[in-house]
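Residue numbers begin at 1 in each chain, while the letters A, B, ... track the order of the sequences.
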Number of protein chains: 2
Amino acid sequence: MMEGLTINEAARTTGWSARMLRYVEQTGLVSPARSASGYRLYGPAQLQRLRTLKELLARFDVGLSDVAFAARMAENRDLRDAVQSWLEAEARRPEEVGPEDWLRFEQEKHEKLLAAA
Amino acid sequence: MMEGLTINEAARTTGWSARMLRYVEQTGLVSPARSASGYRLYGPAQLQRLRTLKELLARFDVGLSDVAFAARMAENRDLRDAVQSWLEAEARRPEEVGPEDWLRFEQEKHEKLLAAA
DNA sequence: TCAACCTTACCACGACATTGTCAAGGTTCT
DNA sequence: AGAACCTTGACAATGTCGTGGTAAGGTTGA
(Lines give C-alpha, C1' and ligand atoms only; values in the text may rest on other atoms or scores of the structure.)
Protein backbone atom coordinates (compact mmCIF):
# COMPACT_ATOMS: atom_id res chain seq x y z
CA MET A 1 0.00 0.00 0.00
CA MET A 2 2.93 2.28 0.62
CA GLU A 3 3.08 4.86 -2.16
CA GLY A 4 6.69 5.72 -1.34
CA LEU A 5 9.54 5.08 1.05
CA THR A 6 9.05 5.42 4.80
CA ILE A 7 11.32 7.72 6.72
CA ASN A 8 14.03 5.22 7.59
CA GLU A 9 14.10 3.85 4.07
CA ALA A 10 14.38 7.38 2.73
CA ALA A 11 17.13 8.07 5.23
CA ARG A 12 19.14 5.10 4.00
CA THR A 13 18.87 6.07 0.35
CA THR A 14 19.56 9.78 0.77
CA GLY A 15 22.27 9.91 3.40
CA TRP A 16 20.22 12.00 5.83
CA SER A 17 19.25 10.68 9.25
CA ALA A 18 15.58 10.14 10.00
CA ARG A 19 15.89 12.86 12.60
CA MET A 20 17.17 15.29 10.00
CA LEU A 21 14.47 14.36 7.50
CA ARG A 22 11.91 15.51 10.06
CA TYR A 23 13.94 18.66 10.63
CA VAL A 24 14.24 19.38 6.91
CA GLU A 25 10.48 18.99 6.67
CA GLN A 26 10.09 21.45 9.52
CA THR A 27 12.08 24.04 7.60
CA GLY A 28 9.62 23.62 4.74
CA LEU A 29 12.25 22.60 2.22
CA VAL A 30 11.18 18.99 1.53
CA SER A 31 7.73 17.82 2.65
CA PRO A 32 6.77 14.21 1.96
CA ALA A 33 3.21 12.97 1.50
CA ARG A 34 1.50 11.20 4.37
CA SER A 35 -0.23 7.84 4.50
CA ALA A 36 -3.75 7.58 5.93
CA SER A 37 -2.27 6.77 9.33
CA GLY A 38 0.24 9.62 9.25
CA TYR A 39 3.39 7.88 8.04
CA ARG A 40 5.70 10.02 5.92
CA LEU A 41 5.95 8.74 2.35
CA TYR A 42 8.89 9.91 0.26
CA GLY A 43 8.47 9.65 -3.51
CA PRO A 44 11.20 9.75 -6.19
CA ALA A 45 11.00 13.53 -6.53
CA GLN A 46 11.47 14.11 -2.80
CA LEU A 47 14.32 11.63 -2.64
CA GLN A 48 16.07 13.39 -5.48
CA ARG A 49 15.54 16.77 -3.87
CA LEU A 50 16.97 15.48 -0.61
CA ARG A 51 20.08 14.19 -2.34
CA THR A 52 20.71 17.37 -4.28
CA LEU A 53 20.00 19.45 -1.20
CA LYS A 54 22.67 17.54 0.65
CA GLU A 55 25.10 18.16 -2.19
CA LEU A 56 24.24 21.83 -2.24
CA LEU A 57 24.86 22.29 1.47
CA ALA A 58 28.14 20.43 1.46
CA ARG A 59 29.45 21.97 -1.75
CA PHE A 60 29.01 25.59 -0.76
CA ASP A 61 29.07 25.15 3.00
CA VAL A 62 25.69 26.75 3.53
CA GLY A 63 23.09 25.87 6.15
CA LEU A 64 19.51 24.74 5.85
CA SER A 65 18.52 28.11 7.26
CA ASP A 66 20.32 29.81 4.38
CA VAL A 67 18.43 27.81 1.78
CA ALA A 68 15.22 28.37 3.74
CA PHE A 69 15.85 32.11 3.58
CA ALA A 70 16.49 31.89 -0.16
CA ALA A 71 13.17 30.09 -0.47
CA ARG A 72 11.48 32.80 1.50
CA MET A 73 12.94 35.42 -0.82
CA ALA A 74 11.80 33.44 -3.84
CA GLU A 75 8.24 33.33 -2.52
CA ASN A 76 7.98 36.84 -1.10
CA ARG A 77 8.35 39.53 -3.71
CA ASP A 78 8.44 42.39 -1.22
CA LEU A 79 11.25 40.79 0.72
CA ARG A 80 13.18 39.92 -2.41
CA ASP A 81 12.89 43.43 -3.83
CA ALA A 82 13.86 45.04 -0.54
CA VAL A 83 16.93 42.86 -0.07
CA GLN A 84 18.05 43.10 -3.66
CA SER A 85 17.75 46.85 -3.85
CA TRP A 86 19.61 47.20 -0.57
CA LEU A 87 22.41 45.06 -1.94
CA GLU A 88 22.49 46.89 -5.27
CA ALA A 89 23.20 50.15 -3.51
CA GLU A 90 26.50 48.70 -2.42
CA ALA A 91 27.70 47.86 -5.90
CA ARG A 92 26.61 51.17 -7.40
CA ARG A 93 29.36 53.77 -7.87
CA PRO A 94 28.53 57.16 -6.36
CA GLU A 95 30.48 58.71 -9.25
CA GLU A 96 27.70 57.95 -11.68
CA VAL A 97 25.76 60.83 -10.19
CA GLY A 98 26.67 63.64 -7.88
CA PRO A 99 27.04 62.50 -4.26
CA GLU A 100 24.04 64.58 -3.26
CA ASP A 101 21.81 63.21 -5.98
CA TRP A 102 23.03 59.74 -5.22
CA LEU A 103 22.05 59.94 -1.59
CA ARG A 104 18.65 61.41 -2.33
CA PHE A 105 18.06 58.72 -4.92
CA GLU A 106 18.89 55.96 -2.49
CA GLN A 107 16.80 57.50 0.21
CA GLU A 108 13.72 57.77 -1.96
CA LYS A 109 14.13 54.32 -3.37
CA HIS A 110 14.25 52.71 0.04
CA GLU A 111 11.45 54.80 1.39
CA LYS A 112 9.26 53.47 -1.37
CA LEU A 113 10.32 49.88 -0.91
CA LEU A 114 9.90 49.91 2.83
CA ALA A 115 6.83 52.07 2.94
CA ALA A 116 4.19 49.61 1.74
CA ALA A 117 2.52 47.70 4.54
CA MET B 1 39.85 66.74 9.81
CA MET B 2 37.09 64.19 10.29
CA GLU B 3 35.69 63.26 6.89
CA GLY B 4 32.61 61.67 8.46
CA LEU B 5 30.94 60.72 11.72
CA THR B 6 32.79 58.71 14.35
CA ILE B 7 31.24 55.50 15.58
CA ASN B 8 29.26 56.94 18.48
CA GLU B 9 27.97 59.81 16.37
CA ALA B 10 26.94 57.34 13.70
CA ALA B 11 25.29 55.20 16.36
CA ARG B 12 23.20 58.13 17.54
CA THR B 13 21.99 59.08 14.07
CA THR B 14 21.24 55.54 12.87
CA GLY B 15 19.73 53.85 15.89
CA TRP B 16 22.36 51.14 16.04
CA SER B 17 24.65 50.76 19.06
CA ALA B 18 28.36 51.32 18.58
CA ARG B 19 28.86 47.67 19.42
CA MET B 20 26.51 46.65 16.64
CA LEU B 21 28.13 48.98 14.13
CA ARG B 22 31.38 47.06 14.67
CA TYR B 23 29.47 43.80 14.33
CA VAL B 24 27.75 44.91 11.14
CA GLU B 25 31.14 45.81 9.76
CA GLN B 26 32.39 42.36 10.69
CA THR B 27 29.63 40.77 8.62
CA GLY B 28 30.87 42.79 5.66
CA LEU B 29 27.55 44.56 5.11
CA VAL B 30 28.59 48.16 5.93
CA SER B 31 32.27 49.07 6.13
CA PRO B 32 33.16 52.66 6.99
CA ALA B 33 36.35 54.41 5.91
CA ARG B 34 39.16 54.81 8.42
CA SER B 35 41.06 57.88 9.53
CA ALA B 36 44.85 57.86 9.50
CA SER B 37 44.85 56.78 13.13
CA GLY B 38 42.28 54.05 12.59
CA TYR B 39 39.04 55.73 13.64
CA ARG B 40 35.94 54.57 11.77
CA LEU B 41 34.47 57.36 9.64
CA TYR B 42 30.88 56.98 8.50
CA GLY B 43 29.89 59.05 5.47
CA PRO B 44 26.35 59.92 4.29
CA ALA B 45 26.10 56.82 2.13
CA GLN B 46 27.05 54.49 4.97
CA LEU B 47 24.65 56.21 7.34
CA GLN B 48 21.83 55.80 4.87
CA ARG B 49 22.69 52.16 4.33
CA LEU B 50 22.70 51.57 8.06
CA ARG B 51 19.27 53.14 8.46
CA THR B 52 17.70 51.22 5.60
CA LEU B 53 19.37 48.02 6.77
CA LYS B 54 17.77 48.47 10.16
CA GLU B 55 14.40 49.01 8.53
CA LEU B 56 14.87 45.95 6.38
CA LEU B 57 15.68 43.69 9.32
CA ALA B 58 12.81 44.94 11.45
CA ARG B 59 10.25 44.99 8.65
CA PHE B 60 10.75 41.42 7.52
CA ASP B 61 12.17 39.99 10.72
CA VAL B 62 15.35 38.76 9.09
CA GLY B 63 18.82 38.56 10.62
CA LEU B 64 22.10 40.09 9.57
CA SER B 65 23.24 36.59 8.66
CA ASP B 66 20.33 36.31 6.24
CA VAL B 67 21.26 39.51 4.46
CA ALA B 68 24.88 38.42 4.53
CA PHE B 69 23.87 35.20 2.80
CA ALA B 70 21.91 37.14 0.20
CA ALA B 71 25.04 39.21 -0.40
CA ARG B 72 27.05 36.05 -0.83
CA MET B 73 24.55 34.79 -3.39
CA ALA B 74 24.66 38.09 -5.22
CA GLU B 75 28.46 37.87 -5.46
CA ASN B 76 28.83 34.18 -6.19
CA ARG B 77 27.23 33.11 -9.44
CA ASP B 78 27.79 29.39 -8.87
CA LEU B 79 26.11 29.52 -5.50
CA ARG B 80 23.24 31.62 -6.81
CA ASP B 81 22.60 29.32 -9.76
CA ALA B 82 22.77 26.20 -7.62
CA VAL B 83 20.34 27.54 -5.03
CA GLN B 84 17.94 29.00 -7.55
CA SER B 85 17.76 25.87 -9.64
CA TRP B 86 17.20 23.77 -6.54
CA LEU B 87 14.34 26.02 -5.53
CA GLU B 88 12.85 26.07 -9.01
CA ALA B 89 12.47 22.32 -8.94
CA GLU B 90 9.97 22.73 -6.13
CA ALA B 91 7.67 25.03 -8.06
CA ARG B 92 7.74 22.98 -11.24
CA ARG B 93 4.78 20.66 -11.82
CA PRO B 94 5.75 17.08 -12.59
CA GLU B 95 2.74 16.91 -14.92
CA GLU B 96 4.46 19.04 -17.51
CA VAL B 97 6.52 16.01 -18.46
CA GLY B 98 6.18 12.37 -17.66
CA PRO B 99 7.28 11.52 -14.11
CA GLU B 100 10.18 9.51 -15.43
CA ASP B 101 11.43 12.24 -17.71
CA TRP B 102 10.94 14.77 -14.97
CA LEU B 103 13.15 12.91 -12.55
CA ARG B 104 15.85 12.30 -15.10
CA PHE B 105 15.74 15.95 -16.09
CA GLU B 106 16.18 17.10 -12.50
CA GLN B 107 18.93 14.64 -11.90
CA GLU B 108 20.93 15.75 -14.89
CA LYS B 109 20.42 19.41 -14.20
CA HIS B 110 21.75 19.15 -10.69
CA GLU B 111 24.58 16.92 -11.68
CA LYS B 112 25.74 19.62 -14.07
CA LEU B 113 25.34 22.43 -11.61
CA LEU B 114 27.10 20.63 -8.80
CA ALA B 115 29.72 18.98 -10.92
CA ALA B 116 32.02 21.93 -11.65
CA ALA B 117 34.82 22.29 -9.16
C1' DT C 1 -0.08 -11.53 19.14
C1' DC C 2 4.37 -9.51 18.75
C1' DA C 3 8.45 -7.62 16.59
C1' DA C 4 9.50 -3.85 13.95
C1' DC C 5 8.14 -0.14 12.26
C1' DC C 6 6.00 4.79 12.61
C1' DT C 7 4.35 9.26 15.12
C1' DT C 8 4.89 13.49 18.23
C1' DA C 9 7.03 15.63 22.09
C1' DC C 10 10.51 16.35 24.78
C1' DC C 11 15.79 16.91 26.75
C1' DA C 12 20.57 17.90 25.60
C1' DC C 13 24.71 19.56 23.58
C1' DG C 14 28.04 22.16 20.82
C1' DA C 15 28.37 25.78 17.47
C1' DC C 16 27.13 30.17 15.92
C1' DA C 17 24.33 34.77 16.08
C1' DT C 18 23.35 38.89 18.61
C1' DT C 19 24.30 42.22 22.31
C1' DG C 20 26.31 44.23 26.26
C1' DT C 21 30.13 45.46 29.07
C1' DC C 22 34.77 45.98 30.63
C1' DA C 23 39.95 46.47 30.21
C1' DA C 24 44.25 48.26 28.32
C1' DG C 25 45.93 51.44 25.54
C1' DG C 26 46.12 55.14 21.52
C1' DT C 27 43.99 59.97 19.68
C1' DT C 28 41.83 64.55 19.81
C1' DC C 29 40.76 68.84 21.40
C1' DT C 30 40.86 72.50 24.57
C1' DA D 1 47.90 67.78 30.85
C1' DG D 2 43.39 65.79 31.06
C1' DA D 3 38.63 64.81 29.71
C1' DA D 4 36.43 62.52 26.24
C1' DC D 5 36.86 60.20 22.59
C1' DC D 6 38.60 55.95 19.70
C1' DT D 7 40.75 51.06 18.99
C1' DT D 8 41.00 45.84 19.63
C1' DG D 9 40.12 41.89 22.46
C1' DA D 10 37.85 39.29 25.67
C1' DC D 11 34.11 37.43 28.73
C1' DA D 12 29.22 36.73 29.18
C1' DA D 13 24.23 36.01 28.52
C1' DT D 14 20.57 34.70 25.60
C1' DG D 15 18.77 32.65 21.41
C1' DT D 16 18.66 29.80 17.31
C1' DC D 17 20.66 25.95 14.35
C1' DG D 18 21.90 21.27 13.63
C1' DT D 19 21.83 16.91 15.55
C1' DG D 20 21.33 13.02 18.48
C1' DG D 21 18.86 10.83 21.75
C1' DT D 22 14.60 8.84 24.59
C1' DA D 23 9.76 8.05 26.00
C1' DA D 24 4.87 7.07 25.25
C1' DG D 25 1.94 5.41 22.15
C1' DG D 26 -0.22 4.10 17.24
C1' DT D 27 0.42 0.89 12.75
C1' DT D 28 1.85 -3.01 10.04
C1' DG D 29 2.70 -7.43 8.62
C1' DA D 30 4.05 -12.33 9.49
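Residue B:L41 contributes atom CG, which lies 10 Å from atom P of C:dT28 at whole-angstrom precision. Separating the NZ atom of B:K54 from the C1' atom of C:dT19 is a distance of 12 Å, rounded to the nearest angstrom. Rounded to an integer number of Å, the gap from B:D66 CG to C:dC16 P is 17 Å. When the P atom of D:dC5 is taken as reference, atom CG of B:L5 falls 14 Å away, rounded to whole Å. In this structure, A:L21 atom CG and D:dT19 atom P are separated by 11 Å, rounded to whole Å. Per the geometry, CD belonging to B:E9 stands 19 Å off P belonging to C:dT27, to the nearest Å. Atom pair A:L64:CG and D:dC17:P shows a separation of 10 Å (rounding to whole Å applied). In this entry the distance linking CD1 of A:I7 with C1' of C:dT8 reads 11 Å, nearest Å.
In terms of phosphate contacts, B:R22 brings a side-chain nitrogen or oxygen within less than 4.0 Å of OP1 or OP2 of D:dT7. A sub-4.0 Å separation between OP1 or OP2 of D:dG20 and a side-chain N or O of A:S17 is present. Using a 4.0 Å cut-off, some side-chain N or O of B:R34 falls inside it from OP1 or OP2 of D:dT8. Distances shown here put a side-chain N or O of A:S65 below 4.0 Å from the OP1 or OP2 atom of D:dG18.
B:E25 has a carboxylate O that lies under 4.0 Å from a charged side-chain N of B:R34, or vice versa, which qualifies the two as a salt bridge.
Picking from D:dT27, D:dG20, C:dG26 the nucleotide with the shortest atom distance to the side chain of A:S37 gives D:dT27. Closest contact between the side chain of A:M20 and the listed nucleotides D:dT19, C:dT18, D:dT7 involves D:dT19. Checking C:dG26, D:dA10, D:dT7 against every side-chain atom of B:R19, the shortest atom distance belongs to D:dA10. Comparing D:dT7, C:dT8, C:dT18 by their nearest atom to the side chain of A:R40 picks out C:dT8.
At a cut-off of 3.5 Å, with distance as the only test, no side-chain donor of A:E55 or A:T52 sits close to an acceptor on the other residue. Side-chain contact check for A:S85 and A:E88: no donor-acceptor pair (N or O, by modelled atom type) lies under 3.5 Å.
In the interface, the side chain of A:Y23 is not paired with the base of D:dG20 through any donor and acceptor atom under 3.5 Å apart.
Counting only heavy atoms from C-beta outward, the side chains of B:R72 and B:R80 never approach each other to under 4.5 Å.
Here the straight-line distance linking atom OH of B:Y23 with atom CG of B:L29 works out to 10.0 Å at 0.5 Å rounding.
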